[in-house]
Structure formats: structure tokens, C-alpha cells
Amino acid sequence: MKEFIITAADEGRKLEKWLIREMPAAGMGMRQKLFRNKCFKLNGKHVKGDAKLAKGDVLQIYASDDLF
């Protein structure tokens, strides 16, 4: 599990767009699989790819380290 604190630079961005930049080794199919398996928590709640990020949000990703 990796934990990220969202900064002001990423505020208002959708989670799916943020993941494309932060997880370059994970292709589209892998990201979709991670969403289906509920591997993302934003402030302690499971989220989908269309969730908007805000400054100070805590994002937890339950995936292997080689995807980062």
C-alpha cells in the first residue's frame, strides 16, 4: 500500500488523470482492474476514477510497488 497527500497542483484533477501521470507502468487495463477490485481509497472511502481530488486529500493505493 502506498499513501499520497494531494497537493495544490493536483487540486480539481480527476483521479484517473492523476494515475496516468503517477503510475506510468500501469496501462489502461491494469488501472481498470484496480478500480474493479476497489484498490483506491480517498480519505478512507473507496472511489471510482471520476472522483475529483482536493488539496490535502489522502489517497491510498493498494497495488504492487512495481506499478509506480
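Keep in mind that what you see is a predicted model, and the values were worked out from it rather than measured.
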Undergrad: Looking at every heavy atom in both K52 and L42, which two are closest together, and how far apart are they?
TA: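 Where K52 meets L42 most closely, the heavy atoms are O-CD2, 4.1 Å.
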Undergrad: Under the side-chain contact (heavy atoms from CB on, under 4.5 Å) test against D10, which residue among R21, K17, K55 passes?
TA: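 Passing option: R21.
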Undergrad: Should L53 and V58 be regarded as members of a common hydrophobic cluster, given that ILVMFWY residues are connected when their side-chain heavy atoms come within less than 4.5 Å of each other, either directly or indirectly?
TA: no
Undergrad: Which ring pair (Phe, Tyr, Trp, His ring centres under 6.0 Å) pairs, counting each pair once, include a residue from residues 9-39, with sequence neighbours left out?
TA: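 Every pair satisfying ring pair (Phe, Tyr, Trp, His ring centres under 6.0 Å) with a residue in residues 9-39: F4-W18, F35-F40.
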Undergrad: Between I20 and L59, is there a shared hydrophobic cluster once you connect ILVMFWY residues whose side-chain heavy atoms come closer than 4.5 Å?
TA: no
Undergrad: In this structure, are over 12 heavy atoms from other groups packed under 6.0 Å from M28 atom CE?
TA: no
Undergrad: When rounded to the nearest 0.5 angstrom, what distance separates CD in Q60 from CD in E3?
TA: 5.0 Å
Undergrad: Which heavy atom in L34 sits nearest to a heavy atom in A63, and how many Å separate them?
TA: CD2-CB, 4.1 Å
Undergrad: State plainly whether one hydrophobic cluster holds both Y62 and M30, where clusters connect Ile, Leu, Val, Met, Phe, Trp and Tyr through side-chain heavy atoms under 4.5 angstrom apart.
TA: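 The answer is no; the residues belong to distinct hydrophobic clusters.
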Undergrad: Give me each pair satisfying side chain to side chain donor-acceptor pair (under 3.5 Å) with a member in residues 31-47, each pair once, sequence neighbours excluded.
TA: E16-R31, N43-D57
Undergrad: Rounded to the nearest 0.5 Å, what separation is found between the CD1 atom of I61 and the NZ atom of K2?
TA: 9.0 Å
